[in-house]
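Note sheet for the following structure.
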Number of protein chains: 2
Amino acid sequence: MTRLDDTLKASKAPAIARAAAVLRLLGKRGSPMGVQSIARELGLVPSTCLYVLRALVAEELVAFDADTKRYALDAGVLTLARAWLRRDQFNDLAQPALDRLAREFGITTLGVQVFGLDHIIVTAMSQSGQNFQLSTQVGSRFPALVSATGRCIAAFGNYPEDDLRLRFEHLRWDDAPSWEDWRAQVEEARETGVAVDAGNYIAGVTVIAAPVWKGSGSPSHALIAIGIGAALRSGLPRLKEALRGAARSLSEQLEG
Amino acid sequence: MTRLDDTLKASKAPAIARAAAVLRLLGKRGSPMGVQSIARELGLVPSTCLYVLRALVAEELVAFDADTKRYALDAGVLTLARAWLRRDQFNDLAQPALDRLAREFGITTLGVQVFGLDHIIVTAMSQSGQNFQLSTQVGSRFPALVSATGRCIAAFGNYPEDDLRLRFEHLRWDDAPSWEDWRAQVEEARETGVAVDAGNYIAGVTVIAAPVWKGSGSPSHALIAIGIGAALRSGLPRLKEALRGAARSLSEQLEG
DNA sequence: GAATGTTATTCTATATATTGAATGACAAGG
DNA sequence: CCTTGTCATTCAATATATAGAATAACATTC
């Protein structure tokens, strides 16, 4: 709400910010919505909201049910996602590595893209089992500082401690670590190049993350391994080493 | 180009049409582009194009490389696609049927959404063999009237013959059928409820399609089966029957 | 190293997208 | 049946997004 207002004020093309907000809202809800409720939710003027929706319908990004007068996301968004998936360099390079790690250790692996201190987006995934619906997980968003990835981002992002703390306070964990413990774990991640979340984020689940750089500065991506804590115990050191190696090799390939 | 101009004139939120055009262009290219070349390609004023891009960057739909001053699609588009995939009714219902058919007949199956006479978008997919980059195919666009699906759409869409002919002339096939042959096949599809493309669209590949209705009017979706022509020959009648049955059952479920 | 062709970006007047009130359509409730 | 509330949609006045020229920062070429 405030975020949308801020973006609107600053931009020279506010209609686009409105459109994106509408798309995200429709995505979050899932169920079709009417003009009025969308407008109310986003703090938009109904008439403006109507024009935005009509434009989005014309672009096939939003579907309009003429009977119920309800709007929902349309398949057009898929086409954009496919185009992105086909061409993203990190994704292409990460997928084989993720598949290999998932198979070798019998775990689930993810590739994520980091958006500053704000959030990460899952862009690639591999699972040892036979499951498919996997691809549905791609595109998920998580807060940046949560779980193992969060420790990586804190360790290598060069962010002011105050910013970290502010964000840290608002995270949701199954079993939240204290600020001091977390800082220590971040420090350890900085030294070893791998971060571990042993059941903090999701009880009983161990998450390991290693940062990937596309250029200098903060890490742009990360590789993640997820496994049941108990089953992982013995192989953990080997997995950490493998994940760090894969991340380093990826960073090198992305440099060129 | 003309299409964009038309959309712009009519709309009360032209920035959104521009934004969508930019996203699609960036998707088609894959490689990052500069402001100027994007503007030139789309017939936009460079300054306006810059504002559009900045707005899209703020929404994380477009990534900006500050060094090269180039723009490309960003991972934000994934999040929208995921939201759509999770909630689309046709997709949820179609996936199990597609999986079953793919396994039983050892073929590839698709679920598509129909956008009038213009195009179709692949929204679900199943493959008998080892599934790899499958999910990458989801989101693909094809001309509406091509292959087996095209015959379905022509048969059940109630479109004026002139419109059909006009579109038909511009299709690209490996081995294009004559207008008369095609009309006859469309007629057959209308009678049997299934359309077959025996090597016209892609040489050596047989494509079968059955229409799915979400309401009354034109079919909104279709189920597609794809197999190597030679391998399919004997099982073809059974497959046609199975596909038609699955499509009918889906239509009934979507009604409620 | 000056010149020329690119770029991305800023600036400002004006066409126009946005607003907020008004309209019409519909459903629920008395 | 009339009222009341909510809905989508239209309309006209005005705040503002956009266009086009001007600027600035580069390369590339001579």
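Lettering of chains follows the sequences in order, A, B, ..., and the numbering in each one begins at 1. What you see below is based on every heavy atom in this structure, not just the backbone, and it leaves out hydrogens, waters and symmetry mates.
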key: Nucleotide of dT19(C), dT9(D), dT18(C) approaching Arg54(A) most closely (side-chain heavy atoms)   = dT9(D)

Of all pairs that satisfy side-chain hydrogen bond (donor to acceptor under 3.5 Å, both in side chains), the ones with a partner from residues 58-68 of chain A, not counting sequence neighbours = Glu59(A)-Arg24(B), Glu60(A)-His119(B)

note = Here the distance between atom P of dT7(C) and atom CE of Met33(B), to the nearest Å, is 11 Å

Review item, side-chain donor-acceptor pairs of residues 25-35 of chain B, under 3.5 Å, at least two apart:
from: Arg29(B); atom 1: NH2; to: Glu41(B); atom 2: OE2; distance (Å): 2.4

query = Can you check whether Met125(A)'s main-chain N or O pairs, donor with acceptor, with Gln95(A)'s side chain at less than 3.5 Å?
reply = yes

Protein-nucleotides 3-6 of chain D N/O pairs closer than 3.5 Å?
none

task = Please work out which of the three classes, parallel, tilted or perpendicular, describes the rings of Trp213(B) and Phe156(B), given edges at 30° and 60°.
result = perpendicular

ask   = Where the side chain of Pro14(A) is concerned, which of dG20(C), dT10(C), dA17(D) is the nearest nucleotide?
value = dA17(D)

ask   = Does the side chain of Tyr159(B) reach to within under 4.5 Å of the side chain of Ser218(B), using non-hydrogen atoms?
value = yes

remark   = Residue pair Ala13(A)/Ser47(A) against DNA chain D: nearer the 5' end by closest nucleotide is Ser47(A)

query = Once you round it to whole Å, what is the distance between C1' of dC7(D) and CG of Leu44(A)?
reply = 17 Å

ask   = Going through the checks in order, is the side-chain contact (heavy atoms from CB on, under 4.5 Å) test met by Thr79(B) and Ile121(A)?
value = CA-CA 8 Å; Thr79(B) 306; Ile121(A) 295 184; 3.5 Å; yes

query = What is the distance from CG of Asp67(A) to C1' of dA25(C), rounded to the nearest Å?
reply = 16 Å

task = In whole angstrom, give the distance that lies between atom NZ of Lys12(B) and atom P of dT10(D).
result = 9 Å

message = Under 4.0 Å, counting only non-hydrogen atoms across every strand here, what does Val45(B) touch: a base, just sugar-phosphate, or nothing?
response = base

key: Protein-nucleotide distance (Leu50(A), atom CG; dA17(C), atom P), rounded to Å   = 15 Å

Out of dT19(C), dA8(D), dT9(C), whichever nucleotide has its closest atom nearest the side chain of Lys69(A) = dA8(D)

query = Does Arg165(B) come within less than 4.0 Å of Glu169(B), counting only side-chain N to carboxylate O?
reply = yes

ask   = When you match Tyr51(A) and Arg70(A) each to their closest nucleotide on DNA chain D, which lands nearer the 5' end?
value = Arg70(A)

query = Can you check the Ile16(A) CD1 to dA17(D) C1' distance for me, whole Å?
reply = 11 Å

